[in-house]
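Step one of this worksheet: look at the structure below.
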Number of protein chains: 2
Amino acid sequence: MGEKSTRERIVDAADRLFYERGYEPTSFADIANAVEISRGNFYHHFKSKDDILHAVIELRLEKTRGMLEAWERQGARPEERIRSFIRILITNEALIRQYGCPVGTLCTELAKLGHASRAEASALFTLFRTWLRRQFELLGHEADADPLALHVLARSQGVAVLFNAFGDPCFVRQEVDQICTWLSSLAARPRRSRKSQERPSST
Amino acid sequence: MGEKSTRERIVDAADRLFYERGYEPTSFADIANAVEISRGNFYHHFKSKDDILHAVIELRLEKTRGMLEAWERQGARPEERIRSFIRILITNEALIRQYGCPVGTLCTELAKLGHASRAEASALFTLFRTWLRRQFELLGHEADADPLALHVLARSQGVAVLFNAFGDPCFVRQEVDQICTWLSSLAARPRRSRKSQERPSST
DNA sequence: GTCTATAGATTGATAGAC
DNA sequence: GTCTATCAATCTATAGAC
């Protein structure tokens with residue numbers, strides 16, 4: 001029951017190492033070392049390194065779906081749910097500071113490599129995008145739900161990149177507070193969707 | 001005069017390849033191929049791959065300083081100058097779509113590698129940060145100039161990451177317009193720095 | 001299912017002729 | 001200053017014994 005198969009242990013280790021060091025710089029030797037199996041044993045479970053990456057992305061997609069569903073159950077109102085998303089920046093502070101956002105950094109790396117799994121990795125972003133869009137629709141912003149979802153995604157990505165570069169936790173809290181304030185004001189005056197401009201609207 | 005030294009040609013090629021493919025995945029063979037010299041010839045000009053990276057970052061720092069100075073000369077008002085920064089997202093649209101932001105992606109990669117030049121790369125961000133801070137000070141936002149600078153940096157980084165992942169130019173324009181609108185409203189009501197909250201302020 | 005042994009290519013880096 | 005030749009290490013991947 002609590003036992004994990006070798007295959008699962010490989011994917012777990014690869015998941016961690018691909019995040020911490022990146023896909024390309026992580027070798028089979030690194031993963032084998034972490035799992036404590038021999039390099040040769042790999043190819044019984046996966047036929048190539050790309051194959052492991054595929055499995056890692058599948059795992060991340062599954063975990064993300066679970067997390068989004070949990071937020072959906074826990075947050076009574078959509079505003080609270082979106083806040084759960086924004087607060088990952090603080091929940092995972094230590095990891096993001098060291099390694100950045102797992103989704104953003106993987107997409108960035110695979111794009112540069114021209115890797116075939118690039119689209120699969122972007123699907124992780126799409127998962128968040130679709131979920132956020134639905135929350136904004138529930139908030140009464142049907143007309144601009146998708147731009148709003150992308151806006152929130154972009155804000156969090158930007159914070160993650162700069163936090164990773166500068167390592168200043170105060171900056172993260174400032175930005176998170178600000179996004180939450182903006183979100184509250186959005187939730188306070190919903191359903192005014194004329195034709196355009198029910199968007200982040202700035203100021 | 002128009003002739004470039006071999007050393008310069010190596011740094012130029014490495015600059016491009018480190019951006020397009022990343023630092024780690026770029027081999028000496030790749031650079032040698034681009035410059036059309038032999039691999040052995042490298043070590044007459046640089047003593048290691050890290051040494052080339054160092055030179056590349058120096059070059060980027062120099063180019064960035066030049067760009068910032070040019071914006072300072074061209075833009076009469078600080079608001080226009082900041083707009084010049086934000087509009088890189090559109091000016092360099094094709095490149096960012098394919099390879100992301102050169103600064104953000106390099107910092108991210110070096111952070112994961114635990115590379116010694118990580119701090120040098122972050123200095124590229126600092127260059128923008130300091131420059132933006134000064135523009136906000138000139139706008140009358142002395143008290144919050146640094147948070148405002150970081151905010152603009154983060155926004156642009158977020159847009160770059162998502163644009164690289166999704167490839168949708170409409171999204172970029174939406175966000176750029178929005179940031180510009182926010183900037184105008186900031187420029188319209190300056191110098192009200194009480195104690196806090198002359199910050200992006202959202203909504 | 002796990003191992004050892006190894007192939008075959010590529011990596012960063014060096015030595016020495018020209 | 002540029003080249004060829006080469007080193008030792010590492011890479012992904014395979015073959016085959018147990």
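Convention: sequence-line order gives letters A, B, ...; per-chain numbering from 1.
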Exercise. Does OP1 or OP2 of C/dG1 have a side-chain N or O of A/His44 closer than 4.0 Å?
Worked result: yes

Exercise. Over how many whole Å does the gap from A/Arg39 atom CZ to D/dA9 atom P extend?
Worked result: 14 Å

Exercise. Whole-Å distance between D/dC11 P and A/Ile52 CD1?
Worked result: 14 Å

Exercise. Is the phosphate of D/dT2, meaning OP1 or OP2, less than 4.0 Å from a side-chain N or O of B/Thr6?
Worked result: yes

Exercise. Is any side-chain N or O of B/Tyr43 closer than 4.0 Å to OP1 or OP2 of C/dT14?
Worked result: no

Exercise. Could you state the CD1-P distance from B/Ile31 to D/dT2, rounded to the nearest angstrom?
Worked result: 16 Å

Exercise. Under 4.0 Å: is that the gap between some side-chain N or O of B/Ser48 and OP1 or OP2 of C/dG12?
Worked result: no

For this session: Tell me what A/Ser5 touches on the nucleic acid: a base, only sugar-phosphate, or nothing, going by heavy atoms under 4.0 Å.
Result: nothing

Exercise. Is the side chain of A/Asp146 donor-acceptor paired with the backbone N or O of A/Arg133 at a distance under 3.5 Å, no angle test?
Worked result: no

Seminar exercise, completed: Taken to the nearest whole Å, NE2/B/His45 to C1'/D/dC3 is 12 Å

Seminar exercise, completed: Whole-Å distance, B/Phe28 CZ to D/dC3 C1', equals 17 Å

For this session: With heavy atoms under 4.0 Å as the rule, sort B/Ser27 into base, sugar-phosphate or nothing.
Result: sugar-phosphate

Exercise. So which of B/Tyr19, B/Phe18, B/Phe163 actually passes ring pair (Phe, Tyr, Trp, His ring centres under 6.0 Å) with B/Tyr99?
Worked result: B/Tyr19

Problem set entry | Heavy atoms of other groups near A/Arg39 CZ, more than 12 under 6.0 Å | no

For this session: Give the rounded distance in Å between these two atoms: CZ of A/Phe46 and C1' of D/dA13.
Result: 15 Å

For this session: Check the distance between C/dT10's P and A/Glu24's CD and give it to me in whole angstrom.
Result: 14 Å

For this session: Mind calculating the distance between CD1 (B/Ile10) and C1' (C/dA13) to the nearest angstrom?
Result: 14 Å

Exercise. Does the distance from a Lys or Arg side-chain N to an Asp or Glu carboxylate O, for A/Glu36 and A/Arg9, drop under 4.0 Å?
Worked result: no

Exercise. Hey, would you say the B/Tyr43 and B/Phe28 ring centroids sit under 6.0 Å apart?
Worked result: yes

For this session: Respond yes when some side-chain nitrogen or oxygen of A/Asn41 is under 4.0 Å from OP1 or OP2 of C/dC3, and no when none is.
Result: yes

